[in-house]
Amino acid sequence: QVQLLESGGGSVQAGGSLRLSCAASGVTFSGYAMGWFRQAPGKEGLFVAAIRRSGGSTYAYYADSLKGRFTISRDNAKNTVYLQMNSLKPEDTAVYYCAAGPTPSSARDEYQYWGQGTQVTVSS
């Protein structure tokens with residue numbers, strides 16, 4: 001079975017930081033691109049970041065609106081992808097989902113496997 005398990009969510013004051021983790025099992029982790037999406041109540045799910053390893057190099061991609069605040073990384077030895085979130089704002093409040101797919105796309109349809117999500121709440 002393929003499983004993606006998010007952790008690290010919680011409540012934080014505006015301006016604070018959180019580090020989300022997504023541990024994968026049942027897959028060859030290094031062979032997948034990993035992505036993060038988020039969804040707030042009443043809004044559509046939005047792309048946050050994605051990462052892939054190719055040709056000995058790591059490539060990371062971000063939503064333009066999050067440039068400079070969020071950082072995605074991965075540890076293939078631990079089968080884990082991370083999302084470091086800094087300078088958090090109330091509008092970052094959402095359920096954050098990690099996903100695995102063949103390419104580091106911003107489109108949800110490109111990802112085959114999804115975690116259950118972890119709640120992030122940012123207070124004013």
If we only count heavy atoms from C-beta on, is the Y111 to D109 side-chain gap below 4.5 Å?
no

So CG of L20 and SG of C22: to nearest 0.5 Å the spacing works out to 9.5 Å

Is any side-chain heavy atom of T71 less than 4.5 Å from a side-chain heavy atom of L83?
no

Could you tell me if R74 sits above the aromatic ring of Y82, with its cationic atom closer than 6.0 Å to the ring centre and no more than 45 degrees from the axis?
no

Polar contact flag, side-chain donor to acceptor under 3.5 angstrom, S17-N86
yes

Parallel, tilted or perpendicular: rings of W114 and F37 (30°, 60°):
tilted

Backbone N or O of T121 within a donor-acceptor pair of the T93 side chain at under 3.5 Å?
no

To the nearest 0.5 Å, how far apart are CG in L4 and OG in S25?
7.5 Å

Under the side chain to side chain donor-acceptor pair (under 3.5 Å) rule, what pairs show up with a residue in residues 35-53, not counting sequence neighbours?
R38-D92, R38-Y96, R52-Y61, R53-T58

Find the distance between CG (L5) and SG (C98) and round it off to the nearest 0.5 Å.
8.0 Å

From N79 CG over to Q3 CD, what is the distance, rounded to the nearest 0.5 angstrom?
12.5 Å

Does a side-chain heavy-atom distance below 4.5 Å link Q119 with S11?
no

For the side chain of E6 and the backbone of Q116, is there at least one donor-acceptor N/O pair under 3.5 Å apart?
yes

Identify whether L66 and L88 are in the same connected component of the hydrophobic contact network (ILVMFWY, side-chain heavy atoms under 4.5 Å).
yes

Heavy-atom check, side chain of Y62 versus side chain of F47, under 4.5 Å:
no

Are the side chains of M85 and V120 in contact, using a 4.5 Å heavy-atom criterion?
yes

Could you state the interatomic distance from CZ (F70) to OG (S87), rounded to the nearest 0.5 Å?
9.5 Å

Single-linkage hydrophobic cluster V2~V81, side-chain heavy atoms < 4.5 angstrom
yes

Joint cluster assignment, V95 & I72, ILVMFWY side-chain distance < 4.5 Å:
no

